Amino acid sequence: MSIETLSDQELAVSTQDSFIEQANIKDQAFFQKASQNRLEFWEDRANELSWQTQWDQVLNWQRPYAQWFINGKLNACENCVDIHLKDKKNKIAIRWEGEDGSISEITYQELYDRVNQLAFHLKSTFNVKKGDRVTIYMPMILDLAIAVLACARIGAIHSVIFGGFSSQSISDRIVDSESSLVITADGGYRRGATLPLHQTVHEALKSVQHHCKTLVFRHLNNDISSSWNDDRDTDYEPLRSQNWEPVNPEPMDSEDILFILYTSGTTGKPKGIIHTTGGYMTHAKYSTRAVFDLKDNDIYWCTADVGWITGHTYLIYGPLANGATILMYEGAPDFPDKGRFWKIIQDHKVTILYTAPTAIRAFMKWGVDYPKGYDLSTLRLLGTVGEPINPEAWDWYFKHIGGENCPIVDTWWQTETGGIMICNLPSLAPSKPGRAGHALPGIQADILSPEGQNVETGGGLLSLTEPWPSMLRGIWGDPKRFEDVYWSRFDTYFAGDGATIDNEGYIKVLGRVDDVLNVAGHRIGTMEVESAIVDFEGVAEAAVVGIHDDIKGQAIQAFVILKEEMKETETLESDIKAFVANSIGPIARPKHIVFTPELPKTRSGKIMRRILKQLAHHEPIGDTTTLANPEIVTQIQSKISNTSK
Ligand code: WTA
């Protein structure tokens, strides 16, 4: 029988006794305490951090505005670095592997030194002060983690941008956050090629009006003189040999902003999600230890880029706050061959692996011979994040990577939630492939009907119904959008995902119910892609939908109306695709483009995306009576079937 057709009970996979016996959390009392006295539970978690000043109130909740650990003071960098110097200064904090196989590692003492050195220069050379925004656009190198921590140390608000984003996307984010400094590098490596990061920043800054300096790290050591500007750019290399002094960790109020991270929404440009210090760090530290069962001797590898929230919470802040040894890899999973991940696990004796379903589906396609060729026996726990994992991929991961010996944690959360919200703790209950499971202790997640009623079993909309410490505090510069997007639908936090809940309380997240696409685990707004397409000369209008993709989960299909004078040439489709990749980033490149004279619209002029989706999937089209132009449906249909022949 295929795993896809098993019932819920048949699906359950018990956790190995050997895992349960040694687990960090093996006691239901932990859950009970959280549900009996939530605030006391969170206070206990906050006490796992080091505070400079204790808080005097746990929570002030003025829906939708939360303040946690009021008047408490702490520093995130101090909690990731300084607190380990007593017992772990010679422990490896980060072990880094480059795509060409080079390896470097730093101990907690060395991390302390390098973070302080950079923090010193940020203050003395650039005059960066508490509350200033610093954009970070870097490859996955040690200096990226160091830059993040140095900002946190001096109280600067970091805004990290994924290295795959285009100059336009960078400039939008620099302008919106009014960053006074961009920390970047000469370039990075990806699949044997190099990424011209400094050049991209140079392009981005052309459309930034305010004064913005850059600090450039040397990684490729290539010639960047053509994009260099002496008034604007500072090379970090000479600063490395200058004198520096340790910088005191800035006392941050629990509610002072730690970072902004831009993510896509349904409308407009990406929004800057705000996270504050005390609540975010409390959840990052606790959830890393609870979900990944992190121990002192683990080698922990999260494959996410620091440019995404997963990289923030589970590559940097969470594991380092726990004093772990983390692995960081700069490069592609299939370079120089498709066994690269498994070689990394073997070489570094990785014990915990956290990756995305899209990667697992690609590995499945490449075949079991790749993982079979390596010793993966050090692994003891596997994790997934970013999109629903189909049971077949779960099963493959379990058998071929975990050797049927490692529990899998399927973690549901969002940029907005700051950390993992729903995830079965395998030491407390069996796992069910494809179901993220129960909300973590301290978190309350419910499935609501469209009217806001609690659904006991069945389907509905996912909502987080109690405030939690790492919840977003707002959208940078746009409080109204914050209130509208998340708090206008229900009284509680609306996540934007559809989900089901079974009679044992396991939640299965189905995916977005709004116009946010999830391509290979990356969030992209339909509007963002549409406006990029419309910027292409000769395009009059565009509509974009997500279509099923075996590996990426979703891919982008665009329907495009050309201006009268524009001819549909042979290269037009690939030109538009390249244009979109160029203006947002390669992750936004449409897979298919269909040219059409009109889009199906309601009489009030609204594009009927449901119909476009059905057309793209070659599905029968339902009711078209509400359309102003029903005849366009058959026209598009015949066009699609002609092109797919
Ligand atoms: C989706 C990533 C199903 C979901 C941490 C959510 C998931 C969006 C899962 C957030 C999961 C994330 N199962 N869907 N385990 N994890 N998602 O902000 O649609 O990049 O709303 O945060 O990813 O994406 P974001």
Side-chain angles (χ1 to χ4, degrees), residues 160-162 164-165 259-266 270-275 280 283-284 287-288 291 302-315 317-318 354-361 382-391 393-394 397 408-424 431-440 443 445 447 461-464 470-472 475 485-486 493-501 506-526 528 546 552-554 585 587-588:
V160 183
I161 304 178
F162 170 56
F165 277 122
F259 65 85
I260 315 172
L261 183 58
Y262 285 85
T263 190
S264 296
T266 50
K271 47 198 178 184
I273 301 297
I274 296 174
H275 283 291
Y280 173 82
H283 190 61
S287 59
T288 307
V291 172
C302 164
T303 68
D305 193 285
V306 176
W308 309 109
I309 190 70
T310 307
H312 280 60
T313 312
Y314 297 112
L315 199 149
Y317 286 115
Y354 190 32
T355 193
T358 184
I360 298 166
R361 289 191 297 264
L382 304 173
T384 78
V385 61
E387 51 181 318
I389 180 162
N390 45 313
W394 194 101
Y397 198 29
I408 297 179
V409 288
D410 173 358
T411 62
W412 176 87
W413 59 296
Q414 308 176 301
T415 307
E416 291 86 341
T417 68
I420 296 167
M421 298 283 107
I422 303 177
C423 167
N424 192 51
S431 308
K432 290 187 187 177
R435 283 111 180 100
H438 304 94
L440 283 189
I443 303 298
I447 310 301
L461 300 168
L462 181 56
S463 174
L464 299 168
S470 64
M471 64 199 291
L472 77 164
I475 294 174
V485 173
Y486 306 105
Y493 174 82
F494 173 54
D497 279 308
T500 62
I501 183 162
Y506 284 73
I507 293 173
K508 174 182 166 81
V509 180
L510 301 169
R512 306 288 308 189
V513 293
D514 52 15
D515 289 335
V516 174
L517 306 171
N518 189 331
V519 179
H522 301 319
R523 267 167 77 164
I524 304 166
T526 46
E528 270 173 82
K552 295 181 171 175
Q554 272 190 326
I587 55 168

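Whatever order the structure lists them in is the order used to number ligands and atoms, beginning at 1. Remember, it's a predicted structure, so these values are computed and weren't measured experimentally.
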| task | Verify the distance criterion only: is there a donor paired with an acceptor across the side chains of Tyr314 and Ser287 at less than 3.5 Å? | result | yes
| task | Would you check if Tyr354 and Thr288 make a side-chain contact, meaning some heavy-atom pair closer than 4.5 Å? | result | no
| query | Any chance the side chains of Tyr280 and Thr313 put a donor and an acceptor closer than 3.5 Å? | reply | yes
| message | On a heavy-atom basis, which atom in Leu510 and which in Thr500 lie closest, and how many Å separate them? | response | CD1-CG2, 4.0 Å
| remark: Lining ligand 1 at under 4.0 Å, by non-hydrogen atom distance, are residues Ile309, Thr310, Val385, Gly386, Glu387, Pro388, Asp410, Thr411, Trp412, Trp413, Gln414, Thr415, Asp497, Val509, Arg512, Asn518, Arg523
| query | Hey, is NZ on Lys508 packed in by over 12 heavy atoms from elsewhere, all under 6.0 Å? | reply | yes
| query | Quick one: are Trp394 and Ile360 in side-chain contact, heavy atoms under 4.5 Å? | reply | no
